Amino acid sequence: VHGIKHSEEQNTSLVTYLSPWLSKPSVVFARITPTHKLRLTEVVQQMGHIVAVTGDGVNDAAAIKKADIGVSMGVMGTDAAKEAADMILLSDDFSAIVVGVEEGRKIFDNIKKSIVYILTSNVPELIPFLVFVALQVPLPLSPVLVLCIDLGTDILPSVAFSYEEAEIDIMIRTPRRKWDHLVTTKLLAFAYFQQGMIQFFAGFLSFAVTMSDFGFPFWELFGLARKQGVFPPATAAFDTDRRDFGNLNVACVLNSRTPANLASLEWNSARHSHIDLRLFFLECGEETLHQTVKWGTCKVPQLSSVTNLPVCYTTEALKYAQSSFFCAIVLCQVSNLISLRTRKASLAFNGPLTLFMVFSMALEVATMLFLAFIPTINAIFGARDCTFRHMGSQALLFSIAQVIFDELRKFLIRYKAPDETEPNWFERNYLW
């Protein structure tokens, strides 16, 4: 196309004249001057495109400098072209540009995946504190276990994405828009409202089941953190046949249901872990004392590995429930690691896991088991040796659901009618 010369003769707008030609799949402009190359570069940029210019001579330097990415030849290129360029092809092989684009897209993809992985666990770590403050439920996840996730189990898996190969469809994607960033609204929505909420429900269900198995019914958890009671004598034993249930320390006041010597319970401290809370949460009645909590059945008569006392109806139940929440997050993060290997393509077509990713997953689970089951270590970090019912049964279901749900999202993004060429609604709104 002798387009530049023709445009000057007709005295028409260069953008208007070139638009029909530049909308074609490919176009070649022949016999143009260095000035025309520069003008052509500017016009294409004004149309909103990302422009790459290659060249090897002094006459190409201006266009190379103006382009979004200038590419110069390393062997045949002049010094002026090399100085103006952003990238120099050492072998003068144009196929290296394709390899470079693929590598750049892969790095961009892997950084996004790592960001999503790290952000996802923030939701199940934050909401327990909101539940504690707003609903006065005993804290479902301790601050120490939050740090164990952020500084322990999540570190190596987030690095594992740097060893991932490019996705199968990476070179058939349309180029990114100039204003697209690493962290977008769609990425945050995916991390927080899809993956993050699934992990929170997995953790909270594990927490609720564990507390229920140790005698704390679900509905009784609400407001339990702020309830006060009376500490029983050290040798007191719970007895339903006695008027005071075995707590001789309750001091009742005339015409008042509230004992005079109420005290607060330290749920996260080991100081009160030996107390049977059925003796603690009591109020005065006309003839007998009444319990302020409707206790459930002790379904798992387990001894604590730290206190060597029954877990049921004690603050140790909270430690076991917090450990269940912690294990649920870790197991869900393992499935999250697998599902994040692709953003759009199905996992079935993405090849096997890398050795580094397998190692990071194994170390993540091993760290979880180390914190929960090694004596002294679990006491230091506030974790406990949960049974499989409390540690994995609920979490594994949510882990599998997390992968299936994300595979469904990817399928809806990929699905197009035979005559459809533009991105569908799901791709426009759910491809992060």
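Note that the structure is predicted; figures quoted are calculated from it, not measured.
- Note on ring orientation: taking the six-membered ring where Trp is involved, the planes of Trp295 and Phe216 are perpendicular (angle over 60°, cut-offs 30° and 60°).
- Using the six-membered ring where Trp is involved, Phe204 and Phe218 have ring planes that are perpendicular, over 60° apart on the 30 and 60° scheme.
- With a 6.0 Å radius and a threshold of 12 heavy atoms from other residues, nucleotides or ligands, Trp219 has its CH2 atom at or below the threshold.
- A donor-acceptor pair under 3.5 Å links the side-chain atoms of Thr354 to the main chain of Met357, judged by distance alone.
- Contact of the Leu187 side chain with the Leu119 side chain is registered, since non-hydrogen atoms from C-beta on lie closer than 4.5 Å.
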Please test Glu220 against Phe281 for side-chain contact (heavy atoms from CB on, under 4.5 Å), starting from the C-alpha separation and ending with a verdict.
CA-CA 12 Å; Glu220 292 297 317; Phe281 291 114; over 6 Å; no
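- Partner of His390 under the ring pair (Phe, Tyr, Trp, His ring centres under 6.0 Å) criterion, chosen from Phe207, Phe325, Phe326, Phe214: Phe214.
- Only one option out of Gln199, Gln195, Gln402 pairs with Gln333 in a side chain to side chain donor-acceptor pair (under 3.5 Å); it is Gln199.
- Taking a 6.0 Å sphere around CG of Leu182, one finds it holds more than 12 heavy atoms contributed by other residues, nucleotides or ligands.
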Please assess Asp406 against Arg409 for the test salt bridge (Lys or Arg N to Asp or Glu O under 4.0 Å), listing each intermediate value before the final yes or no.
CA-CA 5 Å; Asp406 197 46; Arg409 179 190 66 86; 2.7 Å; yes
Salt bridge (Lys or Arg N to Asp or Glu O under 4.0 Å), that's the test. Do Lys112 and Asp180 meet it? Break it down for me.
CA-CA 12 Å; Lys112 287 177 79 78; Asp180 283 347; over 6 Å; no
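- Looking only at side-chain heavy atoms (C-beta outward), Leu282 and Val230 stay at 4.5 Å or farther from each other.
- Within 6.0 Å of atom CD in Glu422, 12 or fewer heavy atoms from other residues, nucleotides or ligands are found, so the atom counts as exposed in its surroundings.
- Val293 is not listed as a side-chain neighbour of Leu277, based on a closest heavy-atom distance of 4.5 Å or more.
- Between Cys312 and Cys298, a gap of under 2.5 Å is found separating the two SG atoms.
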Report the C-alpha separation of Ile329 and Leu141 in whole Å, then their side-chain angles, then the decisive distance to 0.1 Å, and conclude whether the side-chain contact (heavy atoms from CB on, under 4.5 Å) test is met.
CA-CA 10 Å; Ile329 294 176; Leu141 186 66; 3.9 Å; yes
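- When the shell of 6.0 Å around NZ of Lys227 is examined, it contains more than 12 heavy atoms from other residues, nucleotides or ligands.
- The side chain to side chain donor-acceptor pair (under 3.5 Å) test with Tyr320 is passed by exactly one of Thr387, Asp213, Asp385: Asp385.
- Checked for salt-bridge contact, Lys410 and Glu407 meet the test: a charged N lies under 4.0 Å from a carboxylate O.
- For the pair Leu371/Ile377, a side-chain contact is recorded, criterion being any heavy-atom separation below 4.5 Å from C-beta on.
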Residues Glu103, Lys106; criterion salt bridge (Lys or Arg N to Asp or Glu O under 4.0 Å); working and verdict:
CA-CA 5 Å; Glu103 188 68 20; Lys106 184 187 78 171; 3.3 Å; yes
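- His181 and Thr184 share no side-chain donor-acceptor pair at under 3.5 Å.
- Around CE of Met76, the count of heavy atoms belonging to other residues, nucleotides or ligands within 6.0 Å does not exceed 12.
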For a side-chain contact (heavy atoms from CB on, under 4.5 Å) check, start with the C-alpha distance between Val53 and Lys37, then their side-chain angles and the critical distance, and finish with the verdict.
CA-CA 9 Å; Val53 173; Lys37 291 181 184 179; over 6 Å; no
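- Within a 6.0 Å radius of NZ in Lys66, other residues, nucleotides and ligands contribute 12 heavy atoms or fewer.
- We find that Glu167 and Lys344 are not joined by a salt bridge, their nearest charged nitrogen and carboxylate oxygen being 4.0 Å or further apart.
- Under 3.5 Å, the side chains of Ser121 and Asp154 contain a donor-acceptor pair of N or O atoms.
- Using a 30° and 60° split on the angle between ring planes, Phe231 and His272 fall in the tilted class, from 30° to 60°.
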